[in-house]
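Worth saying up front: this structure is predicted, and the values here are computed from it rather than measured. Values reported hereafter were calculated over all heavy atoms of this structure, with side chains retained and with hydrogens, waters and symmetry mates removed. Naming convention: chains lettered A, B, ... in sequence-line order (proteins, then strands); numbering from 1 in each chain.
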4 protein chains.
Amino acid sequence: MPSVVVAGASGYAGALAAALIQRHPRFDLAAVTSRSDVGARLSDLYPYHRVHMDLEELDVDRHGQADAAIVAYPHGAAAPVVAELRERDVRVVDLSADFRLRLLDVYEHWYVPHPHPELMSDAVYGLPELRRAQIEGADIVANPGCYPTATLLALAPIAPWLQDVVVDAKSGISGAGRAPTAKTHFVAADENVTPYGVAGHRHAPEIDQELAMLGAPITTTFVPHLMPLDQGELVSCYCTLREPVDVDALYARAYAREPFVELTDQPPGVRDVRDTNYCRIHARFDERTQKAFVFAAIDNLWKGASSQAVQNLNLMFGYDETVGLL
Amino acid sequence: MPSVVVAGASGYAGALAAALIQRHPRFDLAAVTSRSDVGARLSDLYPYHRVHMDLEELDVDRHGQADAAIVAYPHGAAAPVVAELRERDVRVVDLSADFRLRLLDVYEHWYVPHPHPELMSDAVYGLPELRRAQIEGADIVANPGCYPTATLLALAPIAPWLQDVVVDAKSGISGAGRAPTAKTHFVAADENVTPYGVAGHRHAPEIDQELAMLGAPITTTFVPHLMPLDQGELVSCYCTLREPVDVDALYARAYAREPFVELTDQPPGVRDVRDTNYCRIHARFDERTQKAFVFAAIDNLWKGASSQAVQNLNLMFGYDETVGLL
Amino acid sequence: MPSVVVAGASGYAGALAAALIQRHPRFDLAAVTSRSDVGARLSDLYPYHRVHMDLEELDVDRHGQADAAIVAYPHGAAAPVVAELRERDVRVVDLSADFRLRLLDVYEHWYVPHPHPELMSDAVYGLPELRRAQIEGADIVANPGCYPTATLLALAPIAPWLQDVVVDAKSGISGAGRAPTAKTHFVAADENVTPYGVAGHRHAPEIDQELAMLGAPITTTFVPHLMPLDQGELVSCYCTLREPVDVDALYARAYAREPFVELTDQPPGVRDVRDTNYCRIHARFDERTQKAFVFAAIDNLWKGASSQAVQNLNLMFGYDETVGLL
Amino acid sequence: MPSVVVAGASGYAGALAAALIQRHPRFDLAAVTSRSDVGARLSDLYPYHRVHMDLEELDVDRHGQADAAIVAYPHGAAAPVVAELRERDVRVVDLSADFRLRLLDVYEHWYVPHPHPELMSDAVYGLPELRRAQIEGADIVANPGCYPTATLLALAPIAPWLQDVVVDAKSGISGAGRAPTAKTHFVAADENVTPYGVAGHRHAPEIDQELAMLGAPITTTFVPHLMPLDQGELVSCYCTLREPVDVDALYARAYAREPFVELTDQPPGVRDVRDTNYCRIHARFDERTQKAFVFAAIDNLWKGASSQAVQNLNLMFGYDETVGLL
């Protein structure tokens, strides 16, 4: 059975990835590593994941013997780890932003100087519903951001007709990460709703890049909001189209055979996808405003990060992509 | 001191209105009435309001002797009560939708046959920041809906330049009313976010009507969402303008002297206006998308209903509009 | 593969039981029935369970052909269904209180006249950690109440030394059931904590009955509280002992080989057992007060109801009791 | 009008104290000080308090000219500030534990070496319902801890009959303070309930000290729990009495004329006292267990800290104790 290392398993996404690999019937969890919590038992940090393994320091000599790795490092810090693992021929799903953007200058405008630009073209953008075939053969899969995941699944079927789109996104607090901050303090987040990143969020260029590839060369209006819940993400998309289209038919056709996309008659609630790899989508054409409304719900830590990473790994290793995820 | 009756005090908005009048230094709370809970003590239904009065059946002979009334009935049921009270010369703030829309056919399209269309032209739309002078002389004030309150305060300063606007609104569960339903069940609402009214929400024509009067004859794209919190409402407005404007200057000028509007450097959280009559607004021009982004937060039960009713009453009786509300 | 009917699948516990059987590798979900929602698709009521079956009216001729049934009816209504199913030789796990109490008069004091007292002695109290052997051979298993489950697991190891115990219990709102009521309204439950059943809760005699069988013939002080969360239950037990005992050793010995009991060094949080069949227990002797403190956390819908029912079914059908539950 | 300085106004309790003094009709808020946030505007830290003053460094020469101070420093750090302010004859309400305990060794066992033991005997324990007369003449009032406040109000009427008591306490997350920690992170606290301080909480000796003075020389069993809400505290007290007493009569007599104690027929919810100085109490004798059950709800930041401080200040300055608090 292929062995998988999770590098950076002390954060929310890494810890969940470790739990998903541990319970996966066709991968072995070889090791979990951490920069901040070496020596701690992962199940002491996250009792509910029940991964009773000690967090190790990353050692590429040893961990590089694994067949695959899920890397859950912050942007900028991920690329060097990916590079080292690739030298040992480890196949990598990277949860950071380091390999999502195709253009170096776009990456460096929104993030930091790229530590390994030479690897950028090796990476495949890991949204299986759009890039299944490429992912199967990839050695570096750039796992999409949570907002781009939901937004692109919401918009792909009508992308060729998109003239303008407003994406109002709502995320649970786990999206802000495990570090305790003034914003993630319970008293600050509870009974509150707050827009953030209004001056420009890094997921916007990622959305624009992929929309362009789908035939919509537009500048997305994208504003995320923090919601008082732990896991869950909803994107509400208000789309101006170049011409009226049969929204129902387009979505039905696009997603008829997708195992993880659920089309609904009513707007989805994030609760309905909690702790799953599903994306639930409701799309409709609104006669009153002549716009298409599309709402997509995912679990930001699952389909928005860790379970999508496993879905990608499944594809990379030739498995049915649902293995270990239903 | 003028006496005030609160008719329909067993709902959230009516009960809060009663509490606000009870603690108001210049109004007397004469009576609280209810259709569903006659005989119950209001403080048994809402211990935290501490209004130790029994709910009475509405008796226009008796209650019509009050100087003013806040009517918190459902639409369609409110108008007959308002009519009866007006016959006794009681000045009324009506929390329902019955007198908000100017055009009978618009009202009847979105609501029900109007029981008293002859009174429609007597009513003033009670958004003090926009109609202060008219409210002062009015005998029927139609208290705005919660979403129109936040949206109109958000958009008024740039209305003349509005070409198109998407309003993504988020509200706490108290906005769904006191009736226990599948939607308001804790287990359904907790850890959830759900769009609703996507096929058309009754507050949309109200917003359009008032925007038109402010110089923006547009069809607003408006979709509300339920959020897992009790009180609070945020409207996120994405505005396409006819031409670039100095957003900062327009808002500063419009609201410099408004006692209940707070302009902020950062996007507001609903927590910051909880249990107050304030509307907190952050407006900015976004260079990337060439749109104006405006975020406005209110407490849906306060500025979105009951405290705004008191603000209106203050104006109607010649008081400083902040009396009893700071 | 044995087939299982879930009777009463429209409530929280029944719906979850159906989901657990559906994903169980060694049971077939034969049918889901309901009294209130016949014809509805279970996945429309509970999208997150993804049980795409229609709710049927219970038909004992047809459903009596199943090998087993999980009955999730209210007390009083469950016994007649159990009786009918037993006539067809269906093996039953009953989630109601109808077969939990051994003494008819105790049952009838706390509940209603018993419809089938003749079956009471056939039933086994289905707490696997205490009655594994009996459950294996039983045809009627009375699934314990959620509070007794947590309390008995918390107290069993020290029961012979118990002189007096105060059990302060805390439960999420799902424990109050699916019916929308004033108490389960989000606005009532949110940001609130309330004791209830203080005049006597029906789980107290159930706890006392089982504690007596474990060697503690005492009257438990038991008071539950509602907490603003959906799933989860914590019992905090303050125990006066007849003599000092080695608490650590007793718990270690009692639970060393239990697959679903986790002993912890620190007090457990309910979050750590959410959506699992685990019971997490922290026990300590407090020198200051000379009492034993025991804290036990379960998910009230899982170990407190539906997953425990599956654990029981596993035992009844000779499977490893963890099948389908890890 | 007497001027009041709030020293340590950047924490939750200090900030609320500042807000309460600012809106108080008979005190002037002279200054707000902070150790961590000097120069920041208090309304930037806590927009909802709307105290538009800059936080200053404490300067006893200047701030010592105030008539009174509310000191909201951590234990150990408070006593030196109180000492300096007393040298300038400033009357002080101290929110820390530094002057609550009468016995130096008890203080130093549970806290730190006391910086100013010579002042301990000057301080009055500031629970107005029990020590009104002494508070009126005091120059140092030691504001009680939040748990002791609720517990002592719950138990005072039956203290002379108390033989043993279990106090199971539940608090909202604001009780853990403003510092972002792993425990106060939204994701850790949300949908969770956790006991803490089970090895001994510092409020236990404070409770015992005061119960002894009320005639109950006992060792209280006291365990607090964290609840997923922001403000609010409930203590559930299970009392073994020396002999049966008329619980109803004792509580009615004790609290008949207390402006901030509400006796209720049903167990109180913390929501009913949110943002108030009220303590809501339900007491009953339980025939089944022969124990008295008493439940008391307060807002931990208000009656449990800041509004009680204002109640104390009112008494110290000869005002009606309800001024500014209704």
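Between the Tyr255(C) side chain and the Leu153(C) main chain, a donor and an acceptor come within less than 3.5 Å of each other. Of the possible donor and acceptor atoms, none in the side chain of Glu210(C) sits under 3.5 Å from a partner among the backbone N and O of Ile207(C). Within the 3.5 Å criterion, the main-chain N or O of Leu325(C) finds no donor-acceptor partner in the side chain of Asn277(C). A donor-acceptor distance shorter than 3.5 angstrom exists from the side chain of Glu233(D) to the backbone of Tyr147(D), with no hydrogens or angles considered. Without hydrogens or angle criteria, Thr264(C) side chain to Pro267(C) main chain gives no donor-acceptor distance under 3.5 Å. Side chain of Gln209(C) to backbone of Arg100(C): a donor-acceptor contact under 3.5 angstrom is found.
With a 4.5 Å cut-off on non-hydrogen atoms, Val187(C) touches chain D through its backbone and its side chain both. Both the backbone and the side chain of Asp190(C) have a heavy atom closer than 4.5 Å to some heavy atom of chain D. Looking at Val166(D), only its side chain comes within 4.5 Å of chain C, counting heavy atoms on both sides. Contacts of Asp230(C) with chain D are made by both backbone and side-chain atoms, with heavy-atom separations under 4.5 Å. For Arg288(C), the parts sitting under 4.5 Å from any heavy atom of chain D are the backbone and the side chain alike. Using a 4.5 Å cut-off between heavy atoms, Ala188(C) contacts chain D through its backbone alone, with no side-chain atom that close. Interface residue Asp286(D): only side-chain heavy atoms are found under 4.5 Å from chain C. Looking at Val198(C), both its backbone and its side chain come within 4.5 Å of chain D, counting heavy atoms on both sides.
For the set Pro195(C), Pro268(C), Gly269(C), the count of heavy-atom pairs under 4.5 angstrom toward chain D peaks at Pro195(C). Considering only heavy-atom pairs separated by less than 4.5 Å from chain D, the leading option among Thr289(C), Asp272(C), Val270(C), Leu234(C) is Val270(C). Ranking Thr240(C), Leu229(C), Asp164(C) against chain D, the residue ahead of the rest is Leu229(C), based on heavy-atom pairs under 4.5 Å.
Rounding to the nearest 0.5 Å gives a distance of 12.5 Å between CH2 of Trp161(D) and SG of Cys239(D).
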**Message:** I'd like to know whether Arg284(C) forms a side chain to side chain donor-acceptor pair (under 3.5 Å) with His282(C), so could you lay out the CA-CA distance, the side-chain angles of the two residues, the decisive distance to 0.1 Å, and finally the verdict.
**Reply:** CA-CA 7 Å; Arg284(C) 64 162 61 219; His282(C) 174 69; 3.2 Å; yes
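Between His49(C) and Tyr46(C), the ring planes lie tilted relative to each other; the angle falls in the 30° to 60° range.
When side chains are defined from C-beta on, Tyr125(C) counts as touching Glu206(C), because their heavy atoms get closer than 4.5 Å.
Of residues 217-227 of chain C, those residues with a non-hydrogen atom less than 4.5 Å from any non-hydrogen atom of chain D are, in numerical order, Thr219(C), Thr220(C), Thr221(C), Val223(C), His225(C), Met227(C).
When the shell of 6.0 Å around CG of Asp246(C) is examined, it contains more than 12 heavy atoms from other residues, nucleotides or ligands.
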